[in-house]
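Numbers restart at 1 for each chain; the letters A, B, ... are given by sequence-line order, proteins then strands.
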There are 2 protein chains.
Amino acid sequence: MRDVDIAEVAELSGVPASTLRFYEEKGLIASHGRRGLRRLFDPGVLDRLALIALGRASGFSLDEIARMFAPDGKPRIDRKMLSAKADELDRTIRRLNAMRDGLRHAAVCPAPSHMECPTFRRLLRVAAAGKMETPKTTKKSRRKL
Amino acid sequence: MRDVDIAEVAELSGVPASTLRFYEEKGLIASHGRRGLRRLFDPGVLDRLALIALGRASGFSLDEIARMFAPDGKPRIDRKMLSAKADELDRTIRRLNAMRDGLRHAAVCPAPSHMECPTFRRLLRVAAAGKMETPKTTKKSRRKL
DNA sequence: CTGCCAGTTCAAGTGAACTTGAGGTCAAGG
DNA sequence: CCTTGACCTCAAGTTCACTTGAACTGGCAG
C-alpha cells in the first residue's frame, strides 16, 4: 500500500476529510499527489496525525504544532518547549484538582445553600482569585452543540 | 455601601466592564438601577461573579452557568450536575497527567528522533486513540493575541 | 453654564478550529 | 456512453466568550 486516498486516511485516523483538507491548507500535513481529483497521502500521514492529536491534547495550538515540523517535514520538536508545556499542564492539573474536589464537596455538602458552606466559599475565593486555565469544551461535546 | 457602579465592580472583581455588560445581557448578573446612565449593582454581584468564575474554571459554559440560577436569582445548583462535572474533570485530569508525563519524557528522551522512542510512540497512540479534552488556551494568553 | 470623561447602546469584529454549501470534475460501473 | 457518487474548490457560516468601534448621554468639576 504505497499511497492512501483521503477517504482511507479519514477512515483510519478518524479525522474527517474536511479536517484533513483544512490541515493540508494549514501546512500541517501534505498530500503526495492526486488520482483524478483525489488527494493521495503517504501512509506516514497517520503518524503525523497522531502527532497532531498529541499536540492538541497537550494544549498546543495548530500554529504551534505547525512550527514543530521542520521545513523538510520531519518532526523537529523543541524539548524546552515540551518541558514548558508539561509545566503548564502541571499547573492546570493542580487547579483542576482543586476544582474537582470543590465540586465534589459541593455535590454532597449538607449546607442548605452552597453560599452558606465555608468549603464552598473557600473554593469560590480560589476560583475568583487565581486566574485559571479554562478547560473549555471537548471536541466531542462541541460537536453536540 | 448600598450600590456599586460598574467601574467599582470591575475594579473589585477584576472583570472588565464590557464583560459585565455582556454578562448582564446574557442574564448572568443583574443591575439594580441606574445613576444617570450608569448601572448600579448590588454588592452581592461579587459573589455571583465568583460563582461564575468557579463555573467557568470547572468547565461549564456560560449557558450552563446561567441555568444554575433559579429565576428568583438565588443559586439553584444541581448537585448531580456538580458530581457529573467532577467526574468529567477527573477524567480530564487523568488524561492530562498522561500527557504531561509523556511530554516530560519526550523533553529528556535520548532517542535521536522522537519517533524512534518507544515511550513517545506509546504516548502517540494514547493521544490518537483516546479522544481527549482539549485544554485550550488561557483567558490570559488569549488576551495577548 | 459648559465641556469633559466615563459611562451608554448596538452592531460588528476577533480568533481558533473546523464545518457546510454551492457548484464543478472525474474515474468507474452498468 | 452516460450516470453516479465521492471527491474537488472557494467562500461563507458556526460556536464561544468576549472586545471594539462609532455615535451618543449625562453627572459633575470648574
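Within the 4.0 angstrom heavy-atom criterion, no nucleotide atom of any strand lies near B/Ala17. In this structure, B/Ser18 reaches the bases: a heavy-atom distance under 4.0 Å links it to at least one base atom across the strands shown.
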Could you tabulate the donor-acceptor pairs under 3.5 Å formed by side-chain atoms of residues 25-34 of chain B, not counting sequence neighbours?
{"unit_1": "B/Lys26", "atom_1": "NZ", "unit_2": "B/Asp63", "atom_2": "OD1", "d": "2.9"}
{"unit_1": "B/Ser31", "atom_1": "OG", "unit_2": "B/Glu24", "atom_2": "OE2", "d": "2.4"}
{"unit_1": "B/Arg34", "atom_1": "NH1", "unit_2": "B/Leu37", "atom_2": "O", "d": "2.7"}

Please list every donor-acceptor pair under 3.5 Å in which a side-chain atom of residues 101-111 of chain B meets a protein atom from a residue at least two apart or in another chain.
{"unit_1": "B/Arg104", "atom_1": "NH1", "unit_2": "A/Asp87", "atom_2": "OD1", "d": "2.5"}
{"unit_1": "B/Arg104", "atom_1": "NH2", "unit_2": "A/Asp90", "atom_2": "OD2", "d": "3.1"}

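Of the candidates C/dT20, D/dC7, D/dA17, the closest approach to any side-chain atom of A/Ile6 belongs to D/dC7. For B/Phe22, the side-chain atoms get nearest to D/dC18 when compared with the rest of D/dC18, C/dA6, D/dA6. Listed nucleotides: C/dA17, D/dC18, C/dG7. Nearest to the side chain of B/Tyr23: D/dC18. Comparing D/dC18, C/dC18, C/dT19 by their closest approach to the side chain of A/Leu62 singles out C/dC18.
Look at A/Glu64 and A/Arg67 and you find no salt bridge, because none of the NZ, NE, NH1 or NH2 atoms lies under 4.0 Å from a carboxylate O.
Residues meeting the ring-ring contact (aromatic ring centres under 6.0 Å, His included) test with B/Phe120, sequence neighbours left out: B/His114. In this view, B/Asn97 and A/Ile93, B/Ile93, B/Arg100 satisfy the side chain to side chain contact (heavy atoms under 4.5 Å, CB included) rule, not counting sequence neighbours. Under the side chain to side chain contact (heavy atoms under 4.5 Å, CB included) criterion, B/Arg122 pairs with B/Thr119, B/Arg125, sequence neighbours left out.
In terms of phosphate contacts, A/Arg35 brings no side-chain nitrogen or oxygen within less than 4.0 Å of OP1 or OP2 of C/dA27. Between D/dT19 and B/Thr19, a contact under 4.0 Å exists linking OP1 or OP2 to a side-chain N or O.
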Contact state string [nucleotides 9-14 of chain D, B base, S sugar-phosphate only, - no protein heavy atom under 4.0 Å]: B-----
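The separation between B/Leu49 atom CG and D/dC18 atom C1' is 15 Å, rounded to whole Å. The distance from atom CD of A/Glu64 to atom C1' of C/dG15 is 14 Å, rounded to the nearest whole Å. Counting to the nearest Å, the C1' atom of D/dA6 and the CG atom of A/Leu20 are 15 Å from each other. What separates CG of A/Asp63 from P of C/dA16 is a distance of 6 Å, to the nearest Å. The distance from atom CD of A/Glu8 to atom C1' of D/dC7 is 13 Å, rounded to the nearest whole Å.
Along DNA chain D, the nucleotide nearest B/Phe60 and the nucleotide nearest B/Arg38 are compared for position; the residue whose nucleotide lies closer to the 5' end is B/Phe60.
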